[in-house]
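Here's the structure, in structure tokens; my notes come after.
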Amino acid sequence: MTGTDVQKAAEDSGPSGYAAARLRLLTEETRSGPPRRAALAELTDDWLTGLFASGAEGLRGASLVAVGGYGRGELSPRSDLDLLLLHDDSDPKAVAALADRLWYPVWDLGLALDHSVRTPAEARKTAGEDLKVQLGLLDARHIAGDLGLTAGLRTAVLADWRNQAPKRLPELQELCAERAERQGELQYLLEPDLKEARGGLRDATALRAVAASWLADAPREGLADARRRLLDVRDALHLTTGRATDRLALQEQDQVAAELGLLDADTLLRQVYEAARLISYASDVTWREVGRVLRSRAVRPRLRAMLGGGKPTAERSPLAEGVVEQDGEVVLARAARPERDPVLPLRAAAAAAQAGLPLSLHAVRRLAATVRPLPTPWPAEAREQLVTLLGSGRPTVEVWEALEAEGLITRLLPDWERVRCRPQRNAVHLWTVDRHLIETAVRASEFTRRVSRPDLLLVAALLHDIGKGWPGDHSVAGEIIAKDVAGRIGFDRQDVAVVATLVRHHLLLVDTATRRDLEDPATVRSVAEAVGSQSTLELLHALTEADALATGPAAWSSWRGSLVADLVQRVSAVLAGDAPDDPEEAAPTAEQERLALEAAATGSPVLALRAQTEQPAGQEPSGDPEPLGVELLIAVPDQPGVLPAVAGVLAMHRLTVRTAELRSLHLPDGVDGSVLLLDWRVAAEYGSLPQAARLRADLVRALDGSLDIAGRLAERDAAYPRRRGVIAPPPRVSVHPAASRLATVIEVRSQDAPGLLFRIGRALEDASVRVRSAHVSTLGANAVDAFYVTGPEGAPLPGDEAESVARKLEETLRG
């Protein structure tokens, strides 16, 4: 549409002239997107100006105002015309006649019209009573008539909005939440409503309203482009359907994609989802900021009175190394140096998810701008923090989305890009591929007590559908990708093979259970051959259920669950011949033997601390190798209470136990006594490690009974109560009678927490059992501990006694 066309249409204010010019504009292939919407608004302005001029002769004190989307100059082909006829009430009859001259031509053309006739006072009053009216007036734009009247209303409405923001913004947030509940999330729907669904055009308009209040503002990067993309899709939808619709139905997606010059409907949906995700994230950040500002305003007067008018300092509580909580968000500590700490993004994310708190926008952006890449393979801490993040349950979703919004996820896991915002054209699936993977990890976090390797379960949950970004069978493609990813994040060769097997066969159990004859031995044998081991079968069973629950209600049922459980039981019986033998006792190293001899000679504990480091692969050695933790070797003359004493002292000094082994050492001939050797890897929760001399002194006191560890830990917990964040699954204690011929194996699976190992050790001591050896591992936020115990005479516990010890231990941990 050229300027001459617009001028000609303006000269002919009749419906036919406007309709012809409008049709030419909408069928013009050279113009689309924002230029076409602006041109359509301009053409409509000129037409309505002509109608106003012909009907308002001699009338003073009246103006025609565009509001809402038309006020913003964003007219889609089938958009409503939102119009306000504003007047000063000096000539009501003339105003009524003018209204007829305006509205009837619009109706005659079949255009949708949302109209009102009000004085400025009436408009303000209505806006004060109806939030939707007020939102429309925030975009008021003068079309024709008395410019001063329109300007006065705009000024008054904006002033009202800013003055009433503390009251109206919570109303607006509630309105958005109710709409989201009704319409769902645009970024996951197969037939989304571009306007009403969460992350759609209504939410984008709400963000403009928040910005107009001057109380808070949305993250602006990419927001305008996201909004423009949704408007472009709606334009194409209007043109292809010829209707005023905002719902992108399945049968129309190919046509809309073609109208926009896109490859196919999947490409179209992916662009819609990306735009909606950006708007949704901006909304989350903005409403969080609104809440923070409103809380601050409510509290500030009281604090000023208490502090004598001084400005209060926000309290900062440490969560992890370089990470603190402030004002209900997770932020970086003042001493944090992202440019020198590549694990910091994962550590901050894990801490936020565990605490059930959001990551602050400023922190995520600083990390994205400054952090350096992780080495390959990742250091152990990075892998542990990823597992902790994935195992944090529902809070993982919000934290993951914050990292995703700033591009940190694809930098950590480049293969994620192919599944990001990828639609799933299956009515069973509720989510896009990437969100389904996160949902599966969330579901898998509920099953971490069912498996011996929760870290492998959680990583496999994250990766099980990663092959859907590639052609062919996604399980086959995913196996290859999973091998690469698991290796890059630092798993050893055996663990990489397990993760790859889980991804390759994540559909095996449910497909076999529901589609094959389980009475046929060949069916069960084929599954056993594919799985290979009892531990992998255990993981695959948990992954199968988590995957189905994360898919949607139609993907899992009690019937399916019973069929899968039956299959697992049959396969487990076939694999029973692979039960592990009793662990062989490894010969002590020279240092271990030296410490043991010294402990036997002195009759007191001896310990050594040794830092463990690794150099990033492919880099020259430097002065700052990657820390893996600290190896703590302790030799103690064999006596009761060693395990709870050592664990309690470490908990007192805020040392986290990553792995721990306890076993008896046979001393050389001629040396009397027996020595227990503890080989543990520990790390400080935050700050520096305590000196070895202090640890030894406290251990001596703990063993002779002069140090009240339980009392000290209780005092600290009372002074610094742990934050109520993730609600973890309850602990689970089980007996494995067939795992050893020489001892009874009691396995504990629980949420890791300060003092956990101390509580376990003390409970076992109270049960009068002897810990022959212990194998403790912390996998993310999960502790998986196996204790080989005997009775006082050194024999395995009878079955009923073992079960009694396990139940009492579980009750202790639940209490």
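One-based numbering along the sequence shown. Heavy atoms only: backbone and side chains are in, while hydrogens, waters and symmetry mates are out.
More than 12 heavy atoms of other residues, nucleotides or ligands lie within 6.0 Å of CZ in R488, so this atom counts as buried by the packing criterion. In E181, the CD atom is not crowded: 12 or fewer heavy atoms of neighbouring residues, nucleotides or ligands sit closer than 6.0 Å.
Contact record, R234 with S79: NH2-OG, 3.9 Å, taken as the closest heavy-atom pair. The shortest heavy-atom contact between S392 and Q354 is OG-NE2, 2.8 Å. Contact record, L75 with R37: O-CG, 3.3 Å, taken as the closest heavy-atom pair. Nearest approach of G393 to V442, heavy atoms of both residues: O-CG2, 3.5 Å. The shortest non-hydrogen separation linking A123 to L153 is CB-CD1, 4.0 Å. Shown here for A548 and W556, the closest heavy-atom pair between the two residues is CB-CE3, 3.4 Å.
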*Check the pair Y273, L278 against side chain to side chain contact (heavy atoms under 4.5 Å, CB included), reporting the backbone distance first and the verdict last.*
CA-CA 9 Å; Y273 292 163; L278 196 148; over 6 Å; no
*Let me see the working for R229 and V272 under side chain to side chain contact (heavy atoms under 4.5 Å, CB included), right down to the final yes or no.*
CA-CA 7 Å; R229 193 177 305 162; V272 168; over 6 Å; no
*side chain to side chain contact (heavy atoms under 4.5 Å, CB included) evaluation trace for V364 with L408*: CA-CA 9 Å; V364 180; L408 282 166; 4.0 Å; yes
*Where do E289 and R292 land on the salt bridge (Lys or Arg N to Asp or Glu O under 4.0 Å) test, with the steps shown first?*
CA-CA 5 Å; E289 178 66 8; R292 187 192 66 78; 2.6 Å; yes
*asked:* W416 vs W400, test: ring pair (Phe, Tyr, Trp, His ring centres under 6.0 Å). Steps then yes/no.
replied: CA-CA 12 Å; W416 195 259; W400 190 273; 5.3 Å; yes
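Sorted by first then second residue, the salt bridge (Lys or Arg N to Asp or Glu O under 4.0 Å) pairs that include residues 335-352, not counting sequence neighbours, are D341-R347, R347-E381. Residue pairs satisfying the salt bridge (Lys or Arg N to Asp or Glu O under 4.0 Å) criterion with at least one member in residues 210-219, sequence neighbours excluded, are listed as follows: D217-R220.
Put simply, the side chain of L374 does not reach to within 4.5 Å of the side chain of I489, judged on heavy atoms. Here the side chains of L207 and L223 are in contact, with some heavy-atom distance below 4.5 Å. The shortest side-chain heavy-atom distance between L359 and V331 does not fall under the 4.5 Å cut-off. A heavy-atom distance below 4.5 Å is found between the side chains of T205 and R72. Side-chain contact between W378 and L346: present, with at least one pair of heavy atoms (C-beta onward) separated by less than 4.5 Å. Within the 4.5 Å cutoff, the side chain of L458 has no heavy atoms near those of the L386 side chain. Using a 4.5 Å cut-off on side-chain heavy atoms (C-beta onward), D246 and E196 make no contact. Side-chain contact between V65 and Y70 is absent, with no heavy-atom pair separated by less than 4.5 Å.
With respect to R425 and D266, a salt bridge is recorded, a charged nitrogen being found less than 4.0 Å from a carboxylate O. Salt bridge annotation for R443-D547: absent, with no cationic side-chain nitrogen under 4.0 angstrom from a carboxylate oxygen. For the pair D284 and R198, the salt-bridge criterion is met [side-chain N within less than 4.0 Å of a carboxylate O]. Between E274 and R422 there is no salt bridge, since none of the side-chain N atoms of the basic residue sits less than 4.0 Å from a carboxylate O of the acidic one. With respect to the salt-bridge test (charged N to carboxylate O, under 4.0 angstrom), the residues D415 and R420 do not qualify. The pair E404-R277 meets the salt-bridge criterion, since a charged nitrogen lies less than 4.0 angstrom from a carboxylate oxygen. Looking at R179 and D203, a side-chain N of the basic residue comes within less than 4.0 Å of a carboxylate O on the acidic one, giving a salt bridge. Ion pair D232/R228 flagged as a salt bridge, since at least one NZ, NE, NH1 or NH2 atom sits closer than 4.0 Å to an Asp/Glu carboxylate oxygen.
Between the side chains of R435 and Q424, no donor-acceptor pair of N or O atoms lies under 3.5 Å. No side-chain N or O of E417 forms a donor-acceptor pair with one of T410 less than 3.5 Å apart. Of the N and O atoms on the side chains of R168 and Q134, at least one donor lies less than 3.5 Å from an acceptor on the other residue. Side chains of T448 and N782: a donor-acceptor N/O pair is present below 3.5 angstrom, by distance only.
By the 6.0 Å and 45° rule, R162 stacks over the aromatic ring of W214.
Formation of a donor-acceptor pair under 3.5 Å by the R411 side chain with backbone atoms of A368 is found in this model. At distances below 3.5 Å, at least one donor-acceptor pair connects side-chain atoms of W161 with backbone N or O atoms of A209. Counting only distance, with no hydrogens or angles, the side chain of H436 and the backbone of H429 share no donor-acceptor pair below 3.5 Å. Using a distance-only test at 3.5 Å, with no hydrogens or angles considered, a donor-acceptor pair links the side chain of T396 to the main chain of L389. Not a single donor-acceptor pair under 3.5 Å links the side chain of D465 to the backbone N or O of K468. Judged purely by atom type and a 3.5 angstrom limit, H464 uses its side chain to pair as donor or acceptor with the backbone of A461. Using modelled atom types, no side-chain atom of E329 and backbone atom of P358 make a donor-acceptor pair closer than 3.5 Å. In this structure a side-chain-to-backbone donor-acceptor pair under 3.5 Å is present from N163 to A159.
Atom CD in E439 sits 11.0 Å away from atom CG in D434 (nearest 0.5 Å). Between atom CD of residue Q183 and atom CG of residue L189 there is a gap of 8.5 Å, rounded to the nearest 0.5 Å. For the atom pair CZ (R208) and OG (S213), the distance works out to 13.0 Å, reported to the nearest 0.5 Å.
Across L413, I466, V459, a single residue satisfies side chain to side chain contact (heavy atoms under 4.5 Å, CB included) together with V485, and that is L413.
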